[in-house]
Amino acid sequence: MAFADNLKQLPSIAHIAELQLFDKQGQLVTTIPNAPGKIGSLTIYHALYTKHGRIDTNAAEEGLALFAEHTADAEAHPGSHPNIDRLLEVIASGQDYAVTLITKPDTPAA
């Protein structure tokens, strides 16, 4: 399936303000905000976290499939899709990430 079709199958992120990724030392590595241009990545990372409890090799492999046609573009153009690049790095290095969800103040956590 295509990226847009995959997103339609995943849980809502309406209640999420941002998703934070932490390395094994507990250092914040990056955030994915609920903002235009990031909603697809946030939706996929949220679904991976919900299913796997963290972003590990299994989650990364599933995430690359969910990113669909964007994965091939990311492989062809490193740096153009940092959230896909991160999943590729997880697979290459075995590094995994803990996840913290920051919910919007006006919506209850799901």
Check: [Y] and [X] side chains under 4.5 Å, non-hydrogen atoms:
X: Leu88; Y: Val90; value: no
X: Ile44; Y: Leu7; value: yes
X: Glu18; Y: Asn34; value: no

When you group the ILVMFWY residues by side-chain heavy-atom contacts below 4.5 Å and let the links chain together, are [Y] and [X] in the same group?
X: Met1; Y: Leu48; answer: no
X: Leu10; Y: Ile16; answer: yes
X: Val99; Y: Ile102; answer: no

Nearest-0.5 Å distance that lies between atom [atom1] in [X] and atom [atom2] in [Y]:
X: Gln95; Y: Thr57; atom1: CD; atom2: OG1; result: 10.0 Å
X: Asp96; Y: Arg54; atom1: CG; atom2: CZ; result: 4.0 Å
X: Leu21; Y: Tyr97; atom1: CG; atom2: OH; result: 7.5 Å
X: Ile32; Y: Tyr45; atom1: CD1; atom2: OH; result: 5.0 Å
X: Leu101; Y: Ile13; atom1: CG; atom2: CD1; result: 10.5 Å

Problem set entry | Residue pairs involving residues 56-65 (criterion salt bridge (charged side-chain N to carboxylate O under 4.0 Å, His left out); sequence neighbours excluded) | Lys51-Glu62
Exercise. Going through the checks in order, is the side chain to side chain contact (heavy atoms under 4.5 Å, CB included) test met by Val29 and Phe22?
Worked result: CA-CA 5 Å; Val29 175; Phe22 293 87; 5.8 Å; no
Restricting to non-hydrogen atoms, name the atom on [X] and the atom on [Y] that form the minimum distance, rounded to 0.1 Å.
X: Pro11; Y: Ala47; answer: CD-CB, 4.1 Å
X: Asp85; Y: Ser80; answer: OD2-N, 4.2 Å
X: Ala65; Y: Asn6; answer: O-ND2, 3.6 Å

Exercise. Ser12: what forms a side-chain contact (heavy atoms from CB on, under 4.5 Å) with it, not counting sequence neighbours?
Worked result: Ala14
Exercise. Can you name the residues that form a side-chain contact (heavy atoms from CB on, under 4.5 Å) with Thr71, not counting sequence neighbours?
Worked result: Leu64, Phe67, Glu75, Ile84
For this session: Could you list the residues that satisfy side-chain hydrogen bond (donor to acceptor under 3.5 Å, both in side chains) with Lys38, not counting sequence neighbours?
Result: none
For this session: List in chain and number order the residues that pass side-chain hydrogen bond (donor to acceptor under 3.5 Å, both in side chains) with Asn83, two or more places apart in sequence or in another chain; answer none if no residue qualifies.
Result: Ser41, Arg86
Exercise. Would a distance-only check, ignoring hydrogens and angles, find a side-chain to backbone donor-acceptor pair under 3.5 Å from Asp23 to Leu28?
Worked result: no
Exercise. Of all residues at least two apart in sequence or in a different chain, which pass the ring-ring contact (aromatic ring centres under 6.0 Å, His included) check with His81?
Worked result: His70
For this session: Just do the side chain to side chain contact (heavy atoms under 4.5 Å, CB included) check on Ile55 and Leu87 with the steps written out, would you?
Result: CA-CA 8 Å; Ile55 304 301; Leu87 297 178; 3.8 Å; yes
